[in-house]
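One structure below.
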Amino acid sequence: MSLLLPLDERDGVIWVNGRLTAWRDAKVHVLSHSLHYGNAVFEGERCYGGKVFKLREHTQRLLDSAKLVAMQIPYSLEEVMAATDLVVKENNLDLGYIRTIAYRGAEAIGVSAKGTKVHLAVAAFEWPAYYGGPSIALQTSRWKRPSPESAPTAAKCAGLYVICTMARDEAVAAGYDDAFMLDYRGQVSEATGANLFFVMPDGALHTPAADCFLNGITRLSVIDLARAQGLTVIERAIWPEEVRQAREVFVTGTAVEVTAVGKIDAQEYAVGPVTKALQAAYAKLVRA
Ligand code: PMP
């Protein structure tokens, strides 16, 4: 299947509300509630050798995200996991990306979601390199991650990505690969679809405490791998002024895996030994 085709013009099957549906027929109505109000919740997963990495964790996060936005997904954890495995198998994917989304239908159009049905779809497709190149450049964004008092920041909720899309596209327009996002307090938070790590002069791995952004499943895996390699991992509030002293910087995420950051604004960073060791350990883990 050509990776250049738009996502709605490909062949294969998509699991929609319990049924395998022909790829091109997996459509939503324009009056769907989630399209207007951004209240869909979703997951991004990868499979390696046809096996979905951390499938249970991703599926649990989908159910948790739904709960945070008061959405009841009408399928159990086991049912969603089985649907995901089925979609990977039916589309003959070895290395693939899975996008699962729960969204509200077109039964009502007012702001209240009362009366809407919750739909679930699982799609899987090839999506090789998120950035391309050995390291990426980040630009500090004018957009800030909101407070958990203003938004369901622990949920992978569609509406929150309005900020990420604007931030990333502005950074890309300025010649960077992604945005370096601060939060509502001015502290370092994340990139637009990946968590941040810094090897600081003390030799420890520092990462922002995930108190107003997604606590990535890759982030948690990399923290475990780093500790297994004998590194000290410190989760704390990090201020942008500190970042200049970092020896190495990298981002983690399902799509980006472990990617080195070579530049933040004008400051350059080497792709160092800690990043390389964690890249190797993560590549081994996902194929285990
Ligand atoms: N932050 C944001 C905003 C994301 O979209 C993602 C990707 N899901 C991450 C962090 C990393 O999360 P994970 O490692 O679970 O993919």
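Since the structure is predicted, the reported quantities are computational estimates derived from the model, not experimental observations. Ligands are counted one by one from 1 in listed order, and the atoms in each one are counted from 1 as well.
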Out of curiosity, is Leu160 lining ligand 1, as in a heavy atom under 4.0 Å away?
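Outside the 4.0 Å threshold, so no.
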
Close approach of Glu43 to ligand 1, heavy atoms, under 4.0 angstrom
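So Glu43 does not count as touching ligand 1.
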
Contact check: [X] vs ligand 1, nitrogen or oxygen atoms, below 3.5 angstrom:
| X | value |
| --- | --- |
| Asn195 | no |
| Arg145 | no |
| Thr252 | no |
| His58 | no |

Tell me which one of Thr259, Asp178, Asp177 satisfies side chain to side chain donor-acceptor pair (under 3.5 Å) with Tyr131.
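Looking at Thr259, Asp178, Asp177, the match for Tyr131 under the side chain to side chain donor-acceptor pair (under 3.5 Å) is Asp178.
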
Which atoms of ligand 1 are found less than 4.0 Å from any heavy atom of Ile217?
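Selected atoms, number and element: 13 (P), 14 (O), 15 (O).
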
Which ligand 1 atoms, with their elements, are less than 4.0 angstrom from a heavy-atom of Glu190?
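Ligand 1 atoms under the 4.0 Å threshold to Glu190: 1 (N), 2 (C), 3 (C), 10 (C).
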
Is it the case that more than 12 heavy atoms not belonging to Arg244 sit under 6.0 Å from its CZ atom?
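No.
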
Is it the side chain (CB and beyond), the backbone, both or neither of Ala194 that lies under 4.0 Å from ligand 1, heavy atoms counted?
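The backbone, only.
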
If you measure from each non-hydrogen atom of Phe213 to ligand 1, which part falls under 4.0 Å: side chain, backbone, both or neither?
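Looking at Phe213 and ligand 1, no heavy atom falls under 4.0 Å.
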
Between Arg236 and Glu242 (salt bridge meaning N to carboxylate O under 4.0 Å), is one present in this structure?
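Counted as a salt bridge, because a side-chain N and a carboxylate O are separated by less than 4.0 Å.
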
Could you tell me the separation between the OG atom of Ser112 and the NE2 atom of His33, rounded to the nearest 0.5 Å?
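Those atoms lie 6.5 Å apart.
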
If two hydrophobic side chains count as joined below 4.5 Å and joins carry through other members, does Leu225 share a cluster with Val258?
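Same cluster.
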
